[in-house]
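Taking it in order: structure first as structure tokens, then the write-up.
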Amino acid sequence: MLQNAEIVLEGTYSYFKKDVSYSQENFKLLSFKDNSNVHLYSEVLSRLETGEFLKILVRYEMNSQFIPLLVKIDKTLGNKYAQEIFEVNPGNGELFYKFQSAEKSQEFKRTFNSRHCIATPAFCTTAIFSFAKKFEPGLRIPVSIISTDNVWDYQGPPKEKVVYIEAKSKDKDDFLAEKLPIDSSLFYLHENASASTIQDPPVELVISRDHCIPYQMTFLDQKIVFHQSKKRDQTLK
């Protein structure tokens with residue numbers, strides 16, 4: 001049981017491709033009064049073309065500085081099951097990783113020198129970087145992401161990737177026109193540190209200024225929309 005945990009925000013995302021909804025995500029953002037830690041809990045449900053349901057549960061625990069401490073990802077699809085666990089020691093930067101499937105488990109340890117975000121399949125965790133950096137419009141800021149290629153079988157240990165985040169200006173009237181919360185900021189995610197002759201379209205992210213929660217993502221014909229939210233003062237018993 002979670003003790004002394006206040007639900008700060010909860011909501012639902014709808015995933016669209018070419019205006020067709022194919023997935024839904026429900027999440028809760030919790031704050032703990034005893035140690036100021038912050039947790040995100042997410043459930044992603046997707047129906048595949050085969051008719052099967054893919055279910056993903058994500059637990060993302062951070063300290064008061066939004067540094068990841070524990071990330072747990074559980075995936076099920078029919079008889080398939082896989083679990084990933086990331087544990088971070090913020091004191092020495094050591095990462096412990098474990099992959100567990102129905103057949104076997106694999107463990108890995110490594111020390112990282114810089115602060116990282118941990119990638120998960122849950123959209124609600126994609127904006128953790130916004131608490132770790134100071135952004136100026138027009139500048140691309142590097143952000144280190146830890147991720148894996150492990151889905152149902154172990155393919156290898158976690159690897160580091162750098163993406164570049166650019167803050168974009170957006171008028172208040174623009175947010176009103178798009179029915180987005182006023183307390184939000186627009187960011188572009190790039191693969192390269194600077195603009196090149198061949199431009200790759202950026203990922204557009206609209207992120208809450210009060211929480212590490214993304215409101216919307218747009219990339220080519222794909223879109224993720226935050227269409228329901230609640231703020232409430234409630235302690236979990």
Side-chain angles (χ1 to χ4, degrees), residues 13 15 17 22-28 37-63 66-129 132 142-165 189-192 200 203 205 212 214 217 219-220 222 224:
Y13 295 108
Y15 291 60
K17 184 171 184 178
Y22 67 90
S23 184
Q24 179 175 300
E25 176 181 343
N26 302 304
F27 78 92
K28 291 183 180 182
N37 283 1
V38 180
H39 293 188
L40 273 168
Y41 294 91
S42 171
E43 178 186 65
V44 183
L45 296 173
S46 302
R47 182 188 287 273
L48 305 186
E49 294 181 355
T50 60
E52 294 179 296
F53 273 103
L54 171 64
K55 182 177 180 179
I56 303 174
L57 299 176
V58 175
R59 173 181 173 183
Y60 204 111
E61 300 184 5
M62 300 162 280
N63 63 16
F66 287 84
I67 296 175
L69 302 176
L70 173 68
V71 176
K72 185 179 178 182
I73 304 168
D74 290 280
K75 300 184 287 280
T76 55
L77 175 64
N79 295 326
K80 293 182 179 179
Y81 170 79
Q83 180 186 77
E84 293 182 274
I85 296 176
F86 302 79
E87 291 187 63
V88 179
N89 184 332
N92 58 18
E94 184 179 73
L95 169 71
F96 168 78
Y97 173 77
K98 181 179 180 180
F99 179 84
Q100 178 74 54
S101 67
E103 289 76 23
K104 63 177 182 179
S105 68
Q106 189 80 29
E107 296 182 357
F108 173 82
K109 282 186 178 181
R110 178 184 167 183
T111 299
F112 290 93
N113 295 324
S114 59
R115 178 173 175 174
H116 295 73
C117 298
I118 297 175
T120 82
F123 180 59
C124 67
T125 68
T126 57
I128 305 300
F129 68 83
V143 174
S144 297
I145 307 291
I146 294 175
S147 64
T148 77
D149 295 323
N150 304 325
V151 183
W152 304 112
D153 299 301
Y154 183 79
Q155 302 296 325
K159 55 187 179 182
E160 179 182 1
K161 179 181 180 180
V162 177
V163 297
Y164 298 88
I165 314 299
L189 275 65
H190 303 275
E191 290 190 350
N192 301 310
D200 292 324
V203 176
L205 269 181
C212 56
M217 185 279 291
F219 180 67
L220 299 177
Q222 299 183 60
I224 302 177

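Quick note: numbers below take in every heavy atom, side chains included, and nothing from hydrogens, waters or symmetry partners.
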Passing candidate, salt bridge (Lys or Arg N to Asp or Glu O under 4.0 Å) with Glu43, options Lys75, Lys55, Arg59 =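 Going through the options one by one, the only one that passes is Lys55.
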
Give a yes or no on whether Asn92 atom CG has more than 12 heavy-atom contacts from other residues, nucleotides or ligands under 6.0 Å away.
->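 More than 12 within 6.0 Å, yes.
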
Taking atom CD of Gln222 as the centre, does the number of heavy atoms from other residues, nucleotides or ligands within less than 6.0 Å exceed 12?
->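 For Gln222, atom CD is crowded (more than 12 foreign heavy atoms under 6.0 Å).
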
Pro68 to Val88 - nearest heavy-atom pair and separation =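 Looks like O-CB, 3.3 Å.
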
For the student: nearest non-hydrogen atoms of Leu40 and Cys124, plus distance =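 In terms of heavy atoms, the two residues are closest at CD1-O, 3.6 Å.
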
Would you check if there is a donor-acceptor pair between the side chains of [Y] and [X] at a distance under 3.5 Å?
X	Y	answer
Asn26	Tyr13	no
Tyr15	Gln24	no
Tyr97	Asn150	yes
Thr111	Glu94	no

Flag, side chain of Ser42 to backbone of Ala122, donor-acceptor distance under 3.5 Å |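 The answer is no, because no donor-acceptor pair under 3.5 Å joins these two groups.
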
Does the Glu61 side chain pair with the main chain of Val38, one donor and one acceptor, at a distance under 3.5 Å?
->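 Absent.
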
Could you tell me whether Lys72 and Glu84 have a side-chain N and a carboxylate O separated by less than 4.0 Å?
->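 No.
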
